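See below for the structure under consideration.
Counting from 1, the numbers follow the sequence of the chain as shown. Counting convention: from 1, in listed order, for ligands and their atoms alike. Quick caveat, the model's predicted, so the values are computed rather than measured.
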Amino acid sequence: MKIMKFGGTSVGSASRMKEVAKLITNGDKNIVVLSAMSGTTNTLEEISDYLYKKNPEGANEIINQLEAQYRKHIEELLSTPEFKQRGMELIKSHFDYIRSFTKDLFTLFEEKVVLAQGELISTAMMNFYLQEQGVKSVLLPALEFMRTDKNADPDPVYIKDKLHNQLELHDEATLFVTQGYICRNAYGEIDNLQRGGSDYTASLIGAAVNAEEIQIWTDIDGMHNNDPRIVDKTKPVRHLQFEEAAELAYFGAKILHPTCIQPAKYANIPVRLLNTMDPNAAGTLVSNESEEGVIKAVAAKEDITAIKIKSSRMLLAHGFLRKVFEIFESYQTSIDMICTSEVGVSVTIDNNKHLNEILNDLKKYGTVTVDHDMCIICVVGDLRWENVGFEAKALDSMKNIPVRMISFGGSNYNISFLIRKSDKARALQQLSDGLFNGIK
Ligand code: ASP
Ligand code: MG
């Protein structure tokens, strides 16, 4: 069994949906995970925002616009009067439901229900189209098996159990279509796996059925060795180890959601990144296998804040770092990079929501300085410490750029530099030139 996940752009129009239909009817046994059509989840968030602000007219206007778009999609997607009618009824029932929330109290619970409609609609549309084409497909209701626990983490035992129950109801079926992103929480309420969570759904399902492969279909040719929007002569990376992919996914390579990696890695199921625009292209394979002695890719993450805490009390003192970390923890702010010396520690964060409170608390322990508008550049590949020369090569490419922090040795797969955001493009280009293109 293979899992095939298609993101919002891949199902973003009737014609794109028809392309997806061709790809999923390849004769194999597939579970297909779909996102909402592109833009839909954003629009549903916008509707929710109006409802939070107690502006039902504002919400209604957007609901009507979105419904009109969907009626057009149905018109283009389906061709027989019977299916067109069923399609229009589907759209009407979902939008009437969304509209019902404009009349009552609107809280987080209602918002989750509104946000779930995008995937419910896209999968039902795909299923209608397949049926109209005479393809036997089964719509698997994600809300019957995808579930999170009390910590809002997916519950793999529950998912496996309930998903198998669903699959057993359709023993002879070979094509299943289901919703990405949506789930129920520990209390049985409709919830979701956070924005972009459809990749996570695919990976959780892959692990639950012990799939042969998890395919993530997008509209680019796999993961590139640098950001193609900024750097010229980037190339797709053909193979990545899971941890390399995790570093890249976190550090800005938008192609694969970071949460998606862990379930696949633990279940040892390869993830293949493929391109709906060019289905025969090789894409990128992510697996537990690593390639020795190769630097794979460079990625960057912007809007980073660096905080330095300097204290003579740190000298020879134990417990200093714990106190510092506790402050970040108490404001639910995670630290990305850390560098220490005997008299100080520098950390970076990518979320400034509680920056002022954090700085206030840190000042109890030392002199605090902050650098704004920074950027983490992360070089990923076989960077085990025994390999000689790789970190020197990366440093050499950065030699004319002011570097605020360097982090190496945290994993076997990465070296990170903290630089000014304004130096980002130059750094990325120079690293590509030096590491991949042999240009000095
Ligand atoms: N539709 C959701 C979003 O836009 C989930 C996803 O596409 O992965 O965030
Ligand atoms: Mg997505």
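Considering backbone and side-chain N/O atoms, Asp199 never comes within less than 3.5 Å of an N/O atom of ligand 1. Taking any N or O of Tyr181, backbone or side chain, none lies under 3.5 Å from an N or O belonging to ligand 1. For ligand 1, the polar-atom distance check finds an N/O of Arg195 within less than 3.5 Å of one of the ligand's N/O atoms. For the pair Gly196 and ligand 1, the shortest N or O to N or O distance falls below 3.5 Å. Of the polar atoms of Lys5, none of the N or O atoms is found under 3.5 Å from an N or O of ligand 1, judged by distance alone.
We find that Asp382 and Arg384 are joined by a salt bridge, their nearest charged nitrogen and carboxylate oxygen being less than 4.0 Å apart. Remark: Lys84 engages Glu75 in a salt bridge, criterion side-chain N to carboxylate O under 4.0 Å. Using a cut-off of 4.0 Å between Lys/Arg side-chain N and Asp/Glu carboxylate O, Asp373 and Arg420 are scored as not salt-bridged.
Neither the backbone nor the side chain of His257 has a heavy atom within less than 4.0 Å of ligand 1.
Counting heavy atoms from C-beta on, the side chains of Val237 and Leu240 come closer than 4.5 Å.
Ring geometry for Trp217 against Phe6 counts as parallel: the plane angle stays under 30°, on a 0 to 90° scale with 60° as the upper cut.
A donor-acceptor pair under 3.5 Å is absent between the side-chain atoms of Arg184 and the main chain of Met146, judged by distance alone.
Atom numbering of ligand 1 starts at 1 in the shown order; those under 4.0 Å from a heavy atom of Ser35 are 6 (C), 7 (O), 8 (O). Below 4.0 Å from some heavy atom of Glu119 lie the following atoms of ligand 1, by number and element: 1 (N), 2 (C), 5 (C).
Judged by the shortest distance from any of its heavy atoms, Gly8 lies outside the 4.0 Å radius around the atoms of ligand 1.
With no hydrogens or angles considered, a side-chain donor-acceptor pair links Asn127 and Ser137 at under 3.5 Å.
Residue Ser198 holds the heavy atom nearest to atom 6 (C) of ligand 1 of all those in Ser10, Ser198, Ala202.
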